[in-house]
Amino acid sequence: MGQNETETYQLNDEQRKAAQFDGGHALILAGAGTGKTSTIVARVDHLLSRDVDARRILLLTFTRRAAREMRLRMMQRSGESTKLVSAGTFHNFCLQFLRRWPDLFGCGALSIIDRDDQLQLMKLARGTIVGKDAQFPKSAELVNYYSYARNTNRTIAEYLKQFTEHDEETIQRITGVLQDYTKRKLDCRYFDYDDILQLFAKGLHQNNVLREKLKRRFDHILVDEMQDTNPLQWLILDGLRDPAKLFCVGDDAQSIYAFRGADFKNVHSFTDRVEGAQVLRLEENFRSYQEILDVSNWLLKQSPLDYNKNLHAARGRGDKPRMLEFSEDLEEADWITEDLAARHEGGTPWAEHMILTRTAFGARHVEASLVMKDIPYRFVGGTQLLHSAHVKDLLSLLRVADNSADQLGWMRYLTLWPRIGEKTAATIIGKLMGISRADMIESILTERTKANPRLAEAFAACVKLLDRPQQAITAAVDKMTPLLEKKYDDWDRRSKDLKLLERLAEKHATIGEFLETYTLDPISESEASNEDDQDVVTLITVHSAKGTEAPVCYLLGVQPGNYPHVRSIGDDDQEEEERRVLYVAMTRAKNELIMTGTSRYQGAFVPYHNRYFAAAGTNSQLYFLSDLPGHLLGDDLPFDDDPFDEPIRSYRD
DNA sequence: CTTAGTAATATTTTT
DNA sequence: TATTACTAAG
């Protein structure tokens, strides 16, 4: 333990000071690429060398990917004992305790639902409470209200009054819908993402027995990406600290999750809130060459906010970032994949390249081009495997087998069968509610769906295989194939996904765990099929890319309309957040940063708050890079401006 | 009530 | 592009 310190793993002075900090609580302000992960890993190593019990260290990350990376790095540095460190996301950590002490938290068996299910449930609630009313907020907006209010620890009414323009009466009606939604959620034993955090925080703060138990479990709480924690998450940290010590690492210039309730205050007010806390800074960038940082620094300097960031490259100088402009996004996509192929031909592994995109939608041409050229890739944040219609069809059976109160699952499963529509299904579901014994459910199904004997058979088969997920899927596919074949005319293509599902299920102990894993950590089709492949290009949304890096980074769609994104225009805070998104994207690159964009911006119009918004570079205020000084970039000329029909003028003139 | 066919709808970011 | 929403006919 700890024997490697300073020999193999070199830290600079700032990092070492942070890793070995011996006071109380600490906030580490760490700029992009300043070695946040290394410092956290080194801190764990330091604690272990001081004989801190690994089981008493808690490491909270923002995503599962980050948690995985941390575990790997800790293992490499400090060995087997780090397996005992609790490392995971907030959601993961909280859920673990809800499961361990359900009685103390007051929750029984539950299924985690994703945003899709939330939306559907909200649609039902909205339908019964307000009926048809085009003026009334759509279900998607209602889900956002509900989630945002809870993540910022406000009541619904308080949030609506403060952040929306709705009148008193509308607020009343919205509250009514959300109440109905909550009731439906409980009826189905559903838990949405926010319930996990909220119930944990509530138990932690309102149940003294529970708080004492939880507080006594950890001595050190390490938090990654502190700038993206929200008030609800802060409540959790605040409840767990003392005597446990907080070690929070973050960078306000990389805060890009305000839409999820993330609050800078967790960083800016840290020392006010936590008595005696110390602030340490990491300012030397180990990731990128100075030229990449020059452009990034310039971007932040344009902001009216003072980020007080001026990253300095420890690696010195390299190539200037490039900016390429194309007239069509198909050309842009093809250029990138051709460049990739050429580099690979030249001996560079695929894995050294990352393509960053503002939106998953914006990457569709690149994805198509990668497929065309047979370049292996994984798309992090791309279309989710579990969201395609045929997969949902299949999973509906597994869901109801796992949780018989799952009404959305029943509705989907039942209506797949001939002669069963919404009404018939609703009647059957009504009969099923409140019954938990599988054999009784089976007999009701058999009784009510005589025309489709396989409906009940398939259910019975899956229930028997609850702890053999792979076999359960095989059985489900077997029984449902005739149905799905008829429903989809491109069944051949779709059935491949179900094979993929079988393979994924192998690694899981129960159906419940299988469903939960991929609900909390959605997986895209390309990720699922390339799971074991190491050498692949990474296509990734900027939001998912926070915390990662690659030697060569392509930044897709660097053009007006994307930075800031049109949907954020009009709200100053949102626009400013978009600048940070671009900053995060740029600072991922280690050696080369290649920005591409199209001049003909998205055809013509983009819907924006029910208006049409033309943004084709008419207003330079709307594009962060419109005033970017040319000397910061490499020599690529914008293609359209390249004058090929002009006589050359001597430089001596 | 169900179903087949057509129209519309929405594509920011995520645990 | 793909899925969901709606409408008219069975």
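Numbers restart at 1 for each chain; the letters A, B, ... are given by sequence-line order, proteins then strands.
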Checklist entry - Can you tell me how far the NZ atom of A:K309 sits from the OG atom of A:S296, to the nearest 0.5 Å? => result 12.5 Å

Next on the checklist: Going by salt bridge (charged side-chain N to carboxylate O under 4.0 Å, His left out), name the pairs with one or both residues in residues 137-149 of chain A, residues two or more places apart or in two chains.
Outcome noted: none

Checklist entry - According to a strict under-4.0 Å criterion, is A:R494 in side-chain N/O contact with OP1 or OP2 of C:dA2? => result no

Checklist entry - When all nucleic acid strands are considered with a 4.0 Å heavy-atom cut-off, which category describes A:E577: base, sugar-phosphate, or nothing? => result nothing

Next on the checklist: Students often get this wrong, so: under 4.0 angstrom with heavy atoms, is A:Q574 touching a base, only sugar-phosphate, or nothing?
Outcome noted: base

Next on the checklist: Just to be sure I understand the rule, does A:A140 reach a base, reach only the sugar-phosphate, or reach nothing, if contact means heavy atoms closer than 4.0 Å?
Outcome noted: nothing

Next on the checklist: I'd like to check the ring-ring contact (aromatic ring centres under 6.0 Å, His included) partners of A:F200; sequence neighbours left out, ordered by chain and number.
Outcome noted: A:F93, A:F105

Checklist outcome for this item: Out of C:dT3, B:dT12, B:dT14, minimum distance to the side chain of A:Y257 belongs to B:dT14

Checklist entry - Between atom CD of A:E331 and atom NE2 of A:H365, what is the distance when rounded to the nearest 0.5 Å? => result 12.0 Å

Checklist entry - What residues form a salt bridge (Lys or Arg N to Asp or Glu O under 4.0 Å) with A:K185, not counting sequence neighbours? => result A:D192, A:D195

Checklist entry - If you find the nucleotide of DNA chain B closest to A:W417 and the one closest to A:T359, which residue's nucleotide is nearer the 5' end? => result A:W417

Checklist entry - For A:H565 and A:F62, take the nucleotide of DNA chain B holding the closest heavy atom to each; which residue's nucleotide lies nearer the 5' end? => result A:H565

Checklist entry - When the distance from NZ of A:K138 to P of B:dT11 is rounded to whole Å, what number comes out? => result 12 Å

Checklist entry - Out of B:dT15, C:dT3, B:dT12, which nucleotide sits closest to the side chain of A:S388? => result C:dT3

Next on the checklist: Any side-chain N or O of A:T541 below 4.0 angstrom from OP1/OP2 of B:dT14?
Outcome noted: yes

Would you list the protein and nucleotides 4-10 of chain C atom pairs, both N or O, that sit under 3.5 Å from each other?
unit_1, atom_1, unit_2, atom_2, d
C:dA5, OP1, A:K123, NZ, 3.0

Next on the checklist: A:K487: which residues meet the side chain to side chain contact (heavy atoms under 4.5 Å, CB included) condition with it, sequence neighbours left out?
Outcome noted: A:D393, A:R412, A:L416

Checklist outcome for this item: In short, side chain to side chain donor-acceptor pair (under 3.5 Å) pairs touching residues 513-523 of chain A with sequence neighbours left out are A:R99-A:E516, A:H508-A:E513, A:H508-A:Y518

Checklist entry - Which part of the nucleic acid, if any, lies within contact of A:L197, taking any heavy atom under 4.0 Å across all strands shown: a base, the sugar-phosphate backbone alone, or nothing? => result nothing

Checklist entry - Under 4.0 angstrom, heavy atoms only, what part of the nucleic acid is A:F90 near: base, sugar-phosphate, or nothing? => result nothing

Checklist entry - OP1, OP2 of B:dT14 versus side-chain N and O of A:S544: anything below 4.0 Å? => result yes

